Each structure stands twice: as C-alpha cells, then as structure tokens.
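The structure appears below as structure tokens.
Every chain is numbered from 1, with letters handed out A, B, ... down the list of sequences. Please read these numbers as outputs of a predicted model, since none were measured by experiment.
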Number of protein chains: 2
Amino acid sequence: MTSADSGPATIETIARRAGVSIASVSRVLNGLGGRPDTVRKVQAAATELGYVPNAMARSLRGGRSGQIAFAMEDIGNPVYVAMVRRIQAVAKEAGYRLLLHSTGADREEELRALRSLADRHTEGLIISPIRITREHLDELSRAVAPVVVIGSLPEGVRLDNVRVDSRVGAAMAVAHLVGIGRRRIGFLNGPLDTVPGQARYKGYLDGLATAGLDGAELVESGQFQTDSGAEAAKRLLERVPDLDGLFCANDLIAVGALRALREAGRRVPDDVAVVGMDDTELARVTWPTLTSVGLGSARRGELAAELLVDRLGEGRDREPRWVSVTPELVARESTRS
Amino acid sequence: MTSADSGPATIETIARRAGVSIASVSRVLNGLGGRPDTVRKVQAAATELGYVPNAMARSLRGGRSGQIAFAMEDIGNPVYVAMVRRIQAVAKEAGYRLLLHSTGADREEELRALRSLADRHTEGLIISPIRITREHLDELSRAVAPVVVIGSLPEGVRLDNVRVDSRVGAAMAVAHLVGIGRRRIGFLNGPLDTVPGQARYKGYLDGLATAGLDGAELVESGQFQTDSGAEAAKRLLERVPDLDGLFCANDLIAVGALRALREAGRRVPDDVAVVGMDDTELARVTWPTLTSVGLGSARRGELAAELLVDRLGEGRDREPRWVSVTPELVARESTRS
DNA sequence: ATGAAAGCGCTAACAG
DNA sequence: CTGTTAGCGCTTTCAT
C-alpha cells in the first residue's frame, strides 16, 4: 500500500501504479486488448487498489446514465407493485438501474417526472398516468427522452404504449355475473374523470346492454380505494336492497365491498356475487376469494420495460408501437354458483 | 430560434446567446448574483432555450449524485411496500432520488448492492437484509458510502441501524393468545436461519415460558410466504388436532393459515385464534380480519431514510446511531373472544 | 462583477 | 500496441 492518493482509485492511480498511460488502463479495463504484459500489470494494479469505475464520469462521457424510471401514482396499490416487479427484472436484465417516482394523486408531480427527463439523469421513463390531460400530452410530446405510457392514449399520439381494453374487461365481468343468473348488477367505480374510470363505466354499460339489462341507477363512484369502496357499497345497498351482483372497478374497491356486504349481513356469493378487477394478490387472500378480471399488470409492466429498453438500444428509430394485453376473468369463490 | 447548436442547451449555448462567459451563466443560474443586467440576459437566454442543467455533469463535478438506494428482498412483500413508501417520501423531501434494488432471495445480489456503492452512482444505501452473514458484515464494514441497515445487527457493528425487537413482539402475540384463554398455541415460522426467524422463535418460547406452557412440538417452519404458510398450517393441524391458538411469524403466513384452517373446517377465532405479525395491509382485508403485531414497517423505513439523509448532510461525522421501534399488537377479529 | 482556465474521471480519436 | 490529448457539462478558483 504505497498509495499516497487520497480518495478512491481512478484510472490515473492505476496508470501510475502499473507504469502505463491512462489510455492503456482504460483499454485493458474495457477488454480492448493490449500486450499480455500490460494487461497483467493493469489488472494487478486495479485489483490491489480495489478499483471501481466512477459511474458519473462514465455517464457524462458516454451520454448514457444507465438508468430508467417508473412513475406511478402510489406504490401502495398492488397493481403497481406487480408492474414494478417485472419492470425491475427487465431493467436489471438489460443493465439498467430503476428509479421510482411516486407521484401521489398530484398531477403536477407527474408532469415533473416527465420534465425531469431533461436533466438526463434518466435515459427513459415508463409512466402510468391515471388521468391524461392536455398538459400531459403536451409534455409527453415535448419529452426529451423516450417515454412508454402504460394506459390508453388518444388516437394519433406517437408514443410507445402498452394498453389493455378494460372496457372489454368490465363487460366480461358483467357477462360473468349474468351467466350465473344475476340480474340486479351494481357497479362501484373510481373517479369518472379518470381514464380507467371512464372505460370501466362504459364496459359496465356494454355488459348490461348485451344482456338486455338496465343498470342506470345501480352505480356509485368514489376513489379506487378500499375504504371508499366500502362506503360506496353501503350507499348502494341502501338504495338498492335487491342487489344480487356487484362489479367493482378494482380489487381494492372490491375488498371494501366485501367488508360492507358482510357488515350488512349479505352472503357472498349467495346473496350478492362480486367481481373485482386487476386480479391482484388481494383476490386470493380475501374470503371468499375474489373473482377478478385480470388486466395483466405484471405483463404490462414487462412489456413496457421491454419497449423502453428496445427503444434505448436497437429500436431507436422504430415507429411508435402500441401493444395490448387481453383481459382475462379469473373465477373464484365470490361468484361460485 | 437562431440556435445552430445541436442537442440540448448547455451553459455554453446560453453564454453565447447572452453574450457573457460560461462562468457568469453558472453564477446566475445558481443564484450567486451578478449585475442586474447580466442576470436578466442570462435568465432570458436560459428560458428561451429551455435550458436544464445536466445532472451527470453536476454529479461528476460536485461528487454527489443526489441518489440513494433501497435494497430489499422482494417488493412483493407488503412490509417492503410500506417501507418504500416512506423512504420515497423522505428522500424526495430531502432532494434525493430513490433507486430500487430487488435482491430476491439471492444473497449474492445483496452483496452486489453493497459493492455497487463503490461506483458512486448512489450516495448511500438502505438495506434490509434477511440474513446477515459474515460476508455481509465484511462488506458492510468495507462499504464506501453510508449504509443504514433495517434489521438487527450483532453487537459492536458500527453502522446506523433501525431495529425492532420482534422477539418481544412475538412474546406479545403469545401473551395475547394466552390472555383469551388459549393453551395449545402453535407457531408457524419462516426459515430458522434468518434473523427474523430466530428472533420470533425465541419470542414464541419466551411467551410460552411466561405463561408456564410448553410448545416444543407445536412449531412448523417454512418460508415467509402465503402458500408455505398454508402448508405448514395443514401439517401442524394434522399433528396437533387440539390446537386452539396460532401465532404466525408474518402476515403472509397467517393468510395462508387462515385458508388452511377454513379448509380444515376450523372456525377462527372460535376453534383457533390466529395472530400474525407485521400488521400489513393484508390484516385488514382478510376475513376474519387478522390480529397482528405491528413492527412499524412504515416508521422504520422513515427512520432509516432520515438517518441516511442526515448522515449525507449534517451528520457526516456523527457516531453511528441505533434507533428502535416498539412492537404493537393490533387486535382484530381473529382473536375476538 | 466578470472572464479565463482548471479539472471532476472517463473514453476515443489520433499519432507514433 | 501504446501514449498524448481532447473533450462530455459543470462549478470554482484566480486574476482582472
């Protein structure tokens, strides 16, 4: 340890120690060959000094940070957990580190996440916005690095995009309830001014129409959350005592509904059959276990990550791609007939 | 838009446009004053060009990346979700970005996370290792940047550390079961060769001893997961048909146990009362709702983040701090007498 | 108050 | 095959 250098080793430290130039050090360390003798000396020095390349310097020089980010509303929602898991896996596989933005319900935070691409600490972004405003679209079109959107985009937006037709999924849920003989089918929705809120509401109406039912007055909306779901269920039960089927716009709402139904003394599925949406981990944990329409959250995360990774590599100039995932109903006890 | 420059604006672009030196640009942009005239010109140019400082260059120059990381086993576990949420919040508040390492069950990955501090892309790390081996300790002591450990550390390790005495928590669970008149109290544990597995097992024994009970043969171990918990519960029920109380080493195991109990036709809490641990979101979702010993996951995440942020700032040379959180039993339906 | 210049650590082009 | 050198974009002396 003759190292009179302070701080961590750099290529310069190594160069001095090995008696070669910094260029040779760089070459050897990047596997670009060299005289066997040189290679040996450099490697020895690097090992002895415990050299690790400085990622910041590399990034600045190479113009690539090796980082991507995922922005979602709240990691507390199991849907996002499923996405993060797969995104993480794909990112790591491709040699990217993953950053997390939790935007909360705050629209402004989402925009900030988009704008922050400009400082180049991140090479690309996956974003799953719950609302898509004019501002979002402006900011998206102005983004200085690749962005993949998880969620539906208006026609004509030229961005990589992973979607699922939750309208169809919602219709499937209703069809399933109809299939087991339910006729008074309610719907607990999230906020109507969100993309998923809109789509699921339309799907619910589609499902009813197909079955020749009318459900105009069987809808309650609130937040996409458990407590809100419980309250909405309570309101609906009071208004519609003869309810026999219930579709919930996500599993969190459904969990709240199950609670409210129990407290109201209704048996599930005997009195009221319940279907959730997203098919999260929760669906297997409740009692009765929850029938739910899976929207492939894990798969969407994975696809989004793959799209992004591709665009950051090979696919730099590819046309924007719109990929979609098919909803799938998973029947469990809450609709066992 | 006379900008003949390619790529994003830099201080140099601005300097040319404003007719000043790059040094002045830097000063103005960092609020270090200047002649009113200069300030105005620079700000105008910056705005027009949509200038955003390059984070990589800043980092390299300043030696600070503005990033911290959190390494845990699997974001799928609600305990970590709770931690991430708070860590995220504290990090953002303090101006740090948050990186996520999912290490899986892989020991090697944890070590990699620690070693990766050396490349300086991250200023500090919060790690919640499930096992602490000799290698971990070596690597921890060798870490080139501040590390905060969530979990218990052997005496004498000089590292910031947030802990909770889950041994005491486990004893509380048993005491609670005893308190509602249970005498044949089983324990479903995770792997015994993990830190939490050890502590909770000891706490279980403590609890029994205090009550003058013997439970040597009422233990099953598996993984800290739902399916594993269900299987373990099944095994235990076969071996010990007169079981009347059950403590589970975490909520995931407890959820599995509830399922197994139901399948075996046992009523909860009438036949068997159940207590989980961690008091995750799950505990409020199951039926019956699950009594669980909270270990302050959210709080631990928050504290860890605060310790780290402090050490990266003011507290650079502070003595290592060991903070602890107190377990708290939250009684719910699964132990209603 | 301002500009010139050095340098953070690295890679790559260019000579030799 | 190897060394010298020029930057990547920024902050910060050091003169002026």
### Query
Whole Å only: how far is the CD atom of A:E123 from the P atom of D:dC8?
19 Å
### Message
Can you measure B:R120 atom CZ to C:dC10 atom P for me and round it to whole angstrom units?
### Response
11 Å
### Query
In whole angstrom, what separates B:D119's CG from C:dC10's C1'?
13 Å
### Task
Grab the CG-C1' distance between A:L60 and C:dC8 for me, whole Å please.
9 Å
### Message
If you assign B:R58 and A:R61 each to the DNA chain D nucleotide with the nearest heavy atom, which residue ends up on the more 5' nucleotide?
### Response
A:R61
### Task
Could you tell me whether the side chain of A:Q67 and the main chain of A:H121 form a donor-acceptor pair under 3.5 Å?
yes
## Note on the structure
From CZ of A:R64 across to C1' of D:dG9 the rounded distance in Å is 18 Å
### Message
Which nucleotide wins on minimum distance to the side chain of B:R35, given the candidates C:dG3, C:dG9, C:dT2?
### Response
C:dT2
### Message
Need to verify one output field. Residue with the more 5' nearest nucleotide on DNA chain C, B:G33 or A:I11?
### Response
B:G33
### Query
Can you find a side chain N or O atom of A:N54 that sits less than 4.0 Å from OP1 or OP2 on C:dC8?
no
### Task
Measure the distance from CD on B:E12 to P on C:dG3 and round it to the nearest whole Å.
13 Å
### Task
May I ask you to decide whether B:E109 forms a salt bridge with A:K92, counting only side-chain N to carboxylate O separations under 4.0 Å?
yes
## Note on the structure
By nearest-nucleotide position on DNA chain C, the 5'-leaning member of B:R27 and A:R27 is B:R27
### Closest listed nucleotide, where the reference is the side chain of B:I22 and the choices are C:dT11, D:dT11, D:dG3
D:dT11
### Message
Heavy atoms from C-beta onward define the side chain here; which of C:dC10, D:dT4, D:dC10 lies closest to that of A:T10?
### Response
C:dC10
### Query
Quick one: does A:V25's side chain get under 4.5 Å of A:L29's, heavy atoms only?
yes
### Message
Please confirm whether the shortest side-chain N or O distance from B:S24 to OP1 or OP2 of C:dG3 is below 4.0 Å.
### Response
yes
### Query
Whole-Å distance between D:dC1 C1' and A:K41 NZ?
12 Å
### All side-chain contact (heavy atoms from CB on, under 4.5 Å) counterparts of B:R58, not counting sequence neighbours
B:N30, B:P53
## Note on the structure
Separation of D:dC10 atom P from B:L32 atom CG, nearest Å, is 15 Å
### Task
Kindly determine whether A:H136 and A:E110 satisfy side-chain hydrogen bond (donor to acceptor under 3.5 Å, both in side chains), including the steps that lead there.
CA-CA 8 Å; A:H136 279 87; A:E110 283 185 348; 2.5 Å; yes
### Query
Among C:dT11, D:dC1, D:dG9, which is the nearest nucleotide to the side chain of A:T38?
D:dC1
### Query
Under 4.0 angstrom, heavy atoms only, what part of the nucleic acid is B:S26 near: base, sugar-phosphate, or nothing?
base
